[in-house]
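All chains are named by letter (A, B, ...) in the order of the sequence lines, taking the proteins before the strands, and each is independently numbered beginning at 1.
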Amino acid sequence: MPIAAALRTAKGPFLLLLPLFAVTVVFVIVPLAVFVIYSFMTSALFSVALPFTFDAYEAAVRSPLNQSLAWNSIAIGLMTAAITTVIGLAVAYWLRYRAGRLQLPVLFLVSASIFASYLVRIYAWRTILGRNGLINSGLVEAGLIGEPLEFLLYNWFSVVVALVHIFLPYVVLVLFAAFRPLTPDYLETAQDLGATALARWQRVILPLMAAPTATGFLFVFILSASDFVTPQLIGGTGGQLLGVQIQTNFKAIGNWPVGAATSILMLLFFLMCYGIMQFALWTLKLDQIRWN
Amino acid sequence: MDAAQKSPVTSFATIAALLFLYAPLAVVVLFSFHERPSLSFPFTGFSLRWYEQVFSSAEFGSAVRNSIVVGIASAATTLVLGTMAAYGLGRIPQRYRAFLAMLFFLPITLPGLFIGLSLLVFFVQIRVPLSLVTVTISHLIYVFPYFLLIAWAAVERLDPALEDTAADLGAGPWQVFWKVSFPQLWPILVGATSLAFALSFDEFVITFFVIGAESTLPMYIWSGLRRTIDPAVNTVSSILLLLTLALFSLAFLFAFGRRQLLAKSIRK
Amino acid sequence: MSVFALQAESVTHRFGAVPALTEVSLAIKPGEFVTLLGPSGCGKTTLLRILAGFIRPMSGKVFLEGQDVTKLPPHQRAINTVFQRSTLFPHLDVFENVAFGLRLLRRPQAEVSARVREALALVRLSGFEQRRSHELSGGQVQRVALARALIGRSKVLLLDEPLSALDLAIRLEMEEELRRLHREISGSFVYVTHDQREALALSDRIAVFNQGRLEQLGTPSEIYRKPASAFAARFVGNANVVAVEILPVANGFVSLTLGPHRLTNITQVSKVTGPAWLVLRPECLRLGEEGLHGEICDIAYRGTGFSYRIAVDGLAEPLNAEVPAEGGEPLPVGSSTCVSWDPASAVILRRQGQ
């Protein structure tokens with residue numbers, strides 16, 4: 001077989017990589033390139049036309065709607081990332097040091113929940129947080145409140161709750177994996193030298209886990225800020241994100257260059273955040289831990 | 001640390017987190033059996049009426065069929081291309097590996113919004129009509145980094161001495177793969193492929209942009225969600241939940257269960 | 001009570017249904033170097049962790065300079081531990097690692113710098129302040145760990161097999177370091193090891209542990225020459241331990257049956273009668289014309305001499321003998337020889353059951 005013969009050569013492994021490489025280039029790189037190019041073109045209702053121009057970027061930046069949505073996205077993104085990271089650290093810590101025989105079952109439960117459909121989760125929270133939902137009807141039945149709580153649904157609160165629900169399992173798993181090299185000896189040593197639990201977190205755990213924690217935080221921030229499904233279903237007025245506007249530009253309004261420009265600006269912003277994070281870690285010498 | 005003063009904070013957090021993660025899902029499943037079309041408490045009684053309604057719906061049927069077809073197609077393609085790539089990555093010179101790894105894992109780092117939009121724009125530009133084919137292609141893009149992550153780790157764990165021995169004894173590369181590497185790899189590959197299928201089956205964000213007139217199961221749920229309260233959504237959601245959870249359990253068992261069983265049999 | 005630097009009183013602990021320590025009492029004097037010696041699973045590490053505070057024993061008490069610290073967690077006890085594997089914090093350099101305890105107490109920078117320099121000088125690592133843990137050799141790592149543990153100036157230092165992860169050459173060097181450190185700082189060291197050679201070389205007193213019980217406590221010389229049990233005899237010095245029957249004393253001489261042999265005047269007078277263990281250390285056995293007849297079944301050259309294994313007629317187990325290389329030819333495998341010993345060097349121990 002000529003293929004077999006070809007595989008035996010030094011170039012063999014490259015042949016194995018060729019199909020995936022081709023697929024990636026054609027369906028990831030090229031589309032992204034086209035997308036970038038579109039952002040520099042003129043709008044032609046659900047299409048684009050020449051000439052090349054910066055108009056789309058200008059419109060994207062100047063739009064007051066975009067600006068307020070951008071701030072909202074950042075705020076909601078940060079809130080989601082902060083909550084998920086804190087809870088994620090606690091759960092990952094428990095799994096690593098306290099779980100004992102429960103480690104595998106709980107790991108299974110956490111990872112299994114990742115596969116609960118994205119849409120189903122958002123829908124579940126809509127059910128629970130609504131006027132007649134689980135929480136409100138429960139509180140009313142118990143006589144704790146007279147009127148159902150309105151703020152639970154169709155604003156930033158429900159968006160954050162749903163997004164935390166979606167991203168928490170990922171963060172737990174990533175942080176659990178990151179905790180691996182931090183054997184209990186280190187924590188015992190710290191304790192032996194006089195560190196209380198708080199001091200252990202402050203001076204040992206958080207510094208050593210800074211890089212993976214920051215990465216996880218950024219990951220959740222980026223994905224939350226660019227989410228466009230959650231806001232549409234349960235965001236109401238206070239919980240809208242920039243991604244919705246981008247989607248609207250493409251599917252409803254038809255102004256593709258502005259949509260593309262907004263997306264590229266978002267991407268550049270995320271890239272900048274990533275750069276700042278890496279720089280901060282590098283300055284603190286916490287970017288690469290050389291374990292013993 | 002066995003000392004008696006362990007703080008309960010992290011245990012609380014874990015219990016709370018698990019409840020937080022599963023309570024909403026449990027509610028969805030519970031109300032899929034509700035005899036009334038209401039989605040609030042009190043829960044009056046069990047009934048299978050919504051399941052009957054959903055299963056007899058032609059739209060539901062075709063959405064499920066489409067999801068399965070797309071899922072199988074993308075999972076199968078991922079299996080072949082991904083395994084080849086996992087193999088290749090391990091054997092190319094170091095300097096190419098970092099670049100290619102970055103390229104292959106790029107889709108994970110990009111939010112689905114951008115992948116979906118750029119594919120939409122691309123398909124329009126090259127005048128390919130949006131259909132289940134475009135959906136399959138985009139699922140392939142979305143899914144293979146996850147597959148590659150698992151498959152590459154598994155390939156790295158293979159003992160090269162075994163393959164060298166087989167080649168030394170006269171086996172061609174194809175035979176080496178089938179007789180030596182594949183028997184070690186297949187449980188992981190099964191797990192990774194079911195993962196790929198589950199990810200594709202559940203995918204919504206990218207599908208949203210590149211789908212044509214047809215529907216997949218998540219798209220069907222989406223259209224149900226835009227409407228007002230419809231208990232059938234609970235039902236479909238529950239079905240989707242149970243399916244993907246079952247798939248994941250299968251994958252998990254394959255990845256971990258075998259290792260445990262193997263370890264137990266070695267100990268005996 | 002306050003005479004002792006550290007004291008364990010009737011400490012008992014179990015892990016689930018498995019007993020780890022049973023009624024262990026141990027008092028460590030100020031400035032003493034005490035080694036907890038025994039095989040894996042004997043309870044020595046458990047006791048150390050109880051002394052450090054990582055385990056609260058099911059019953060029993062721990063006193064630190066007379067104070068009951070049994071319920072105190074490790075961070076409130078003025079005892080520091082050196083662990084077996086490196087636990088230098090990878091995100092801190094040597095200076096900050098050593099200063100860790102002082103930073104927790106928020107000592108002023110001037111004091112911290114001075115004390116860190118002093119501690120590093122003590123372990124002979126001056127100038128290593130800026131190094132990171134991955135840049136240090138195994139021996140250097142443990143020396144930094146020692147500096148870090150000693151900087152608090154506590155009266156007791158616990159060491160959990162600190163040398164077992166090191167290469168032999170480094171280990172010997174570090175043994176010398178430990179002896180020197182102990183002399184210089186005059187605190188108490190509590191050392192855990194399974195290596196009896198190390199225990200003999202380092203300790204003022206050795207506590208021999210077996211299956212959760214303290215079998216014998218004494219100076220190295222006492223443990224070596226007068227083991228209190230068959231276990232201690234075998235574990236320390238690899239002695240020959242042979243089951244014998246002591247016959248009633250007649251004419252002032254001790255007689256015993258050893259296998260099919262009946263021997264007289266081969267040990268000192270002992271109060272033990274009936275079933276007993278005869279402990280013969282390998283270096284006390286002489287091979288020659290007189291004594292128990294046997295055949296050489298193995299010989300190994302040790303540099304300083306030869307190790308022989310001799311299958312003695314009538315005995316189930318071969319005897320080990322260590323003979324110095326004096327220039328005489330080694331006896332070849334298969335040849336006959338006779339084994340004898342100076343009665344003063346043999347030890348008789350009571351034997352229970354079998």
Structural part of C:Ile79 lying under 4.5 Å from a heavy atom of chain A: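 It is the backbone, since no side chain atom gets that close.
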Segment of C:Arg132 engaging chain A (4.5 angstrom heavy-atom cut-off):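 Contact with chain A involves the side chain of C:Arg132 alone.
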Option that, when pairs with chain A are counted at under 4.5 Å, heavy atom only, ranks first among C:Gln76, C:Arg148, C:Arg77: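 Most heavy-atom pairs under 4.5 Å with chain A: C:Arg148.
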Evaluate C:Phe128 against C:Phe95 for ring-ring contact (aromatic ring centres under 6.0 Å, His included), listing each step before the verdict. CA-CA 8 Å; C:Phe128 275 68; C:Phe95 184 98; over 10 Å; no
Which donor-acceptor pairs under 3.5 Å do side chains of residues 156-168 of chain C form with protein atoms, sequence neighbours excluded?
residue	atom	partner	partner atom	Å
C:Glu161	OE1	C:His194	ND1	2.8
C:Ser164	OG	C:Gln84	NE2	2.7
C:Ser164	OG	C:Glu161	O	3.1

Which one of [options] has the most heavy-atom pairs closer than 4.5 Å to chain C?
{"options": "A:Arg203, A:Gln288, A:Gln202, A:Lys285", "result": "A:Arg203"}
{"options": "A:Leu182, A:Leu193, A:Thr183", "result": "A:Leu193"}
{"options": "A:Asp185, A:Leu284, A:Ile289, A:Leu286", "result": "A:Asp185"}

For ring-ring contact (aromatic ring centres under 6.0 Å, His included), just list the numbers for C:Phe63 and C:Phe4, CA-CA rounded to whole Å, side-chain angles, deciding distance to a tenth of an Å, and then say yes or no. CA-CA 9 Å; C:Phe63 296 93; C:Phe4 296 116; over 10 Å; no
Residue from C:Gln109, C:Glu111, C:Arg115 passing side-chain hydrogen bond (donor to acceptor under 3.5 Å, both in side chains) with C:Ser113: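 Of the listed options, the one satisfying the test is C:Gln109.
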For the backbone of C:Ser25 and the side chain of C:Glu9, can you confirm whether one donor and one acceptor N or O come within less than 3.5 Å of each other?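 No; zero donor-acceptor contacts below 3.5 Å.
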What part of A:Ala190 gets within 4.5 angstrom of chain C, counting heavy atoms only: side chain, backbone, both, or neither?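 Interface part for A:Ala190: both.
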For A:Trp291, what residues pass the ring-ring contact (aromatic ring centres under 6.0 Å, His included) criterion, not counting sequence neighbours?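 With neighbours one apart ignored, the set is A:Tyr186.
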